[in-house]
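Okay, structure first, notes after.
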Amino acid sequence: MSENIMRIIDLRGKNLSRAELLAAMPRAAMGTSEATDLVRPILDDVKERGAAALRDFEEKFDHVRPEHLRVPVEAMTAALETLDPEVRAAIEESVRRARAVAANQVPKDFYTDLAEGARVAERWIPIQRVGLYVPGGKAVYPSSVIMNAVPAQAAGVESLAIAAPPARDNAEGLPNKTILATCAILGVDEVYAVGGAQAIAMFAYGAKGSEPQDGDVLCDPVDKITGPGNIFVATAKSLVSAFVGIDAVAGPTEIGIIADKTADPSLLAADLIGQAEHDELAGSVLFTDSTEIAEKVQESLNYRVPRTEHAERVHTSLSGSQSAIVLTDSLDQSIDAANAYAAEHLEIQTADADAVVPRIKNAGAIFRGPYSPVPLGDYMSGSNHVLPTGGTARFAAGLGVHTFMKPVEVIEYDEEGLKALAARINAFAVSEDLPAHGECVLSRFVKDPYNKATLREQEKEAGLR
């Protein structure tokens with residue numbers, strides 16, 4: 001008999017506190033201090049030397065020195081013209097569905113009338129300029145271009161810039177052609193052949209040109225940076241987040257699955273493998289109250305893992321400390337454990353999935369039923385695949401139109417609206433030992449708010465009491 005690939009975490013018969021349940025969940029170990037030491041000099045160098053530093057780092061890390069750090073529009077047009085028709089059709093369908101969902105995500109302005117002449121309104125304002133990072137590494141991610149650019153466009157962002165590392169097979173130092181073609185489909189023409197922490201630095205600080213084709217300014221700084229990346233990209237985003245917005249500091253991708261005895265173990269195994277394919281640190285976690293399902297999933301993994309193309313990577317991921325089969329006493333306990341885990345992607349494969357969905361409090365996205373697997377959301381469901389990882393779904397949400405907008409309140413009081421509150425505002429201000437706050441308001445109605453001996457009489461005379 002083959003040895004089981006995934007470890008077992010047995011919660012049966014245990015009455016765990018919230019803290020104990022959170023601690024029991026499998027997680028990837030993330031060491032960021034070493035990355036910080038490596039990333040900080042990169043940020044400083046790009047800030048100081050701009051495009052010259054970017055070319056040096058591309059040569060060092062991606063083994064090519066791009067002539068054009070900003071991708072010529074002709075290169076994107078050519079990439080689109082030579083794109084495989086089937087791939088183009090798939091990308092265009094993904095864009096169509098994502099745009100349909102994003103259009104309905106746009107938040108509406110509103111106002112609240114509190115009294116006569118007293119209104120508070122709220123406007124949703126698009127962020128002006130956004131930098132979208134698209135990773136390279138073990139795979140090509142045109143889907144990440146779509147997931148970042150479409151909601152930004154729906155939000156009304158004026159200026160979009162995309163950075164992606166040069167492709168390993170591109171002698172000119174340009175990003176992958178499918179990435180460039182996707183940018184062309186989306187109508188984004190500001191694209192940079194820059195990867196890693198240096199791309200984050202370029203977005204955060206801007207970059208002056210160093211060669212004639214760069215111009216005086218290669219790239220203007222942005223107001224917010226979004227998009228996934230490796231630990232160096234995540235660390236760079238964290239370091240610049242004090243003065244430029246970021247979506248999140250993402251960790252390795254992960255899937256959680258709640259399954260009962262009615263689930264198909266072969267589908268469960270396939271879905272665990274599908275997520276494990278991303279990265280050796282990817283987390284795959286199954287929550288089940290059925291020991292039979294757990295055993296059959298292990299059997300299916302033993303059969304399937306050696307037959308998938310990235311078998312070694314998948315095996316490393318599934319056998320790592322971040323992955324596990326979590327055995328529970330009941331569906332209720334499975335739900336509690338899944339809420340503690342707060343998966344980036346949470347599949348529900350139970351007899352009555354509709355009864356489980358409302359009980360999920362923490363998940364980046366919920367995939368209901370056996371015909372809503374995670375890759376559907378990765379590519380073409382219309383939902384967004386940039387989601388909170390590492391348990392942050394307990395307080396964070398996935399990327400969407402709201403990521404690229406900011407709510408701003410507009411206070412609209414007239415004379416009578418303020419007059420009705422003036423004395424109370426003054427009392428409140430005095431209680432906080434901020435009397436000038438009250439005097440600011442009273443100055444609009446009384447002659448001398450600084451004369452405290454006569455202030456009450458002045459307030460009565462002005463009709464404030």
Side-chain angles (χ1 to χ4, degrees), residues 17-19 22 105-130 151-152 155-159 203-205 221-226 237-249 339 342 361-362 388 390-465:
S17 68
R18 176 175 167 80
L22 289 170
Q105 281 188 341
V106 179
K108 305 294 189 293
D109 296 349
F110 68 87
Y111 64 85
T112 304
D113 286 330
L114 298 154
E116 190 68 31
R119 170 178 287 184
V120 174
E122 184 168 273
R123 294 180 56 216
W124 283 86
I125 302 174
I127 292 170
Q128 281 188 284
R129 179 164 166 79
V130 173
V157 172
E158 295 175 13
S159 178
F203 282 151
Y205 306 121
V222 304
D223 301 311
K224 190 167 191 176
I225 302 169
T226 70
K237 286 169 71 176
S238 178
L239 290 173
V240 302
S241 64
F243 59 91
V244 65
I246 64 171
D247 51 350
V249 178
N339 279 326
K361 308 301 181 185
N362 304 320
T392 59
R394 290 187 294 121
F395 54 83
L399 187 142
V401 172
H402 58 275
T403 306
F404 302 100
M405 303 187 81
K406 51 192 178 182
V408 177
E409 291 182 317
V410 180
I411 294 84
E412 308 172 30
Y413 274 55
D414 64 14
E415 182 178 355
E416 290 304 312
L418 180 62
K419 186 176 182 179
L421 297 177
R424 289 179 176 177
I425 292 172
N426 182 59
F428 213 141
V430 170
S431 76
E432 292 192 345
D433 194 26
L434 295 171
H437 282 57
E439 291 154 2
C440 164
V441 173
L442 293 175
S443 291
R444 286 156 168 79
F445 304 103
V446 305
K447 291 181 179 180
D448 185 6
Y450 303 96
N451 185 344
K452 305 306 180 185
T454 65
L455 182 56
R456 184 168 289 266
E457 287 73 18
Q458 290 185 72
E459 289 178 341
K460 288 179 180 179
E461 185 178 343
L464 304 184
R465 291 185 175 272

Given side chain to side chain contact (heavy atoms under 4.5 Å, CB included), test Phe445 with Glu415 step by step and report yes or no. CA-CA 9 Å; Phe445 304 103; Glu415 182 178 355; 3.8 Å; yes
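- For the pair Arg465 and Arg456, the minimum side-chain heavy-atom distance is below 4.5 Å.
- Smallest separation of non-hydrogen atoms from Pro449 and Glu439: CG-O, 3.9 Å.
- Rounding to the nearest 0.5 angstrom, the gap separating the CD atom in Glu461 from the NZ atom in Lys447 is 6.5 Å.
- For Arg119, the salt bridge (Lys or Arg N to Asp or Glu O under 4.0 Å) criterion is met by Asp113, not counting sequence neighbours.
- No more than 12 heavy-atom neighbours from other residues, nucleotides or ligands sit within 6.0 angstrom of CZ on Arg123.
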May I have the step-by-step check of side chain to side chain contact (heavy atoms under 4.5 Å, CB included) for Leu421 and Tyr413, ending in yes or no? CA-CA 11 Å; Leu421 297 177; Tyr413 274 55; 3.8 Å; yes
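- No side-chain donor-acceptor contact under 3.5 Å links Glu409 to the backbone of Val120.
- Between atom CG of residue Asp247 and atom NZ of residue Lys237 there is a gap of 3.5 Å, rounded to the nearest 0.5 Å.
- Here the straight-line distance linking atom CH2 of Trp124 with atom CZ of Phe110 works out to 8.5 Å at 0.5 Å rounding.
- Atom CG in Asn339 sits 5.0 Å away from atom CG in Asn362 (nearest 0.5 Å).
- Considering all non-hydrogen atoms of both residues, Gly438 and Ala429 come closest at N-CB, 3.5 Å.
- Here the straight-line distance linking atom CG of Leu464 with atom CZ of Arg424 works out to 12.0 Å at 0.5 Å rounding.
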Kindly determine whether Leu418 and Ile425 satisfy side chain to side chain contact (heavy atoms under 4.5 Å, CB included), including the steps that lead there. CA-CA 9 Å; Leu418 180 62; Ile425 292 172; 4.1 Å; yes
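- Residue-environment remark: CD (Gln128) stays at or below the threshold of 12 foreign heavy atoms within 6.0 Å.
- Minimum heavy-atom separation, Lys419 to Gly463: CE-O, 3.9 Å.
- Here the shortest heavy-atom pairing between Lys224 and Val244 reads N-CG2, 3.9 Å.
- Across all non-hydrogen atoms, the minimal contact from Val401 to Pro151 is N-CB, 3.6 Å.
- Surrounding NZ of Lys460 are at most 12 heavy atoms belonging to other residues, nucleotides or ligands under 6.0 Å away.
- By the salt bridge (Lys or Arg N to Asp or Glu O under 4.0 Å) test, Arg444 is found to be paired with no residue, residues two or more places apart in sequence or in another chain being considered.
- Considering all non-hydrogen atoms of both residues, Val249 and Ser238 come closest at CG2-CB, 3.8 Å.
- In His402, the NE2 atom is crowded: over 12 heavy atoms of neighbouring residues, nucleotides or ligands sit closer than 6.0 Å.
- Here the CG atom belonging to Leu442 is positioned 9.5 Å from the OH atom belonging to Tyr450, to the nearest 0.5 angstrom.
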For side chain to side chain contact (heavy atoms under 4.5 Å, CB included), just list the numbers for Val240 and Tyr205, CA-CA rounded to whole Å, side-chain angles, deciding distance to a tenth of an Å, and then say yes or no. CA-CA 9 Å; Val240 302; Tyr205 306 121; 4.1 Å; yes
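- By the 6.0 Å contact criterion, CD on Glu457 is enclosed, its count of non-hydrogen atoms from other residues, nucleotides or ligands being greater than 12.
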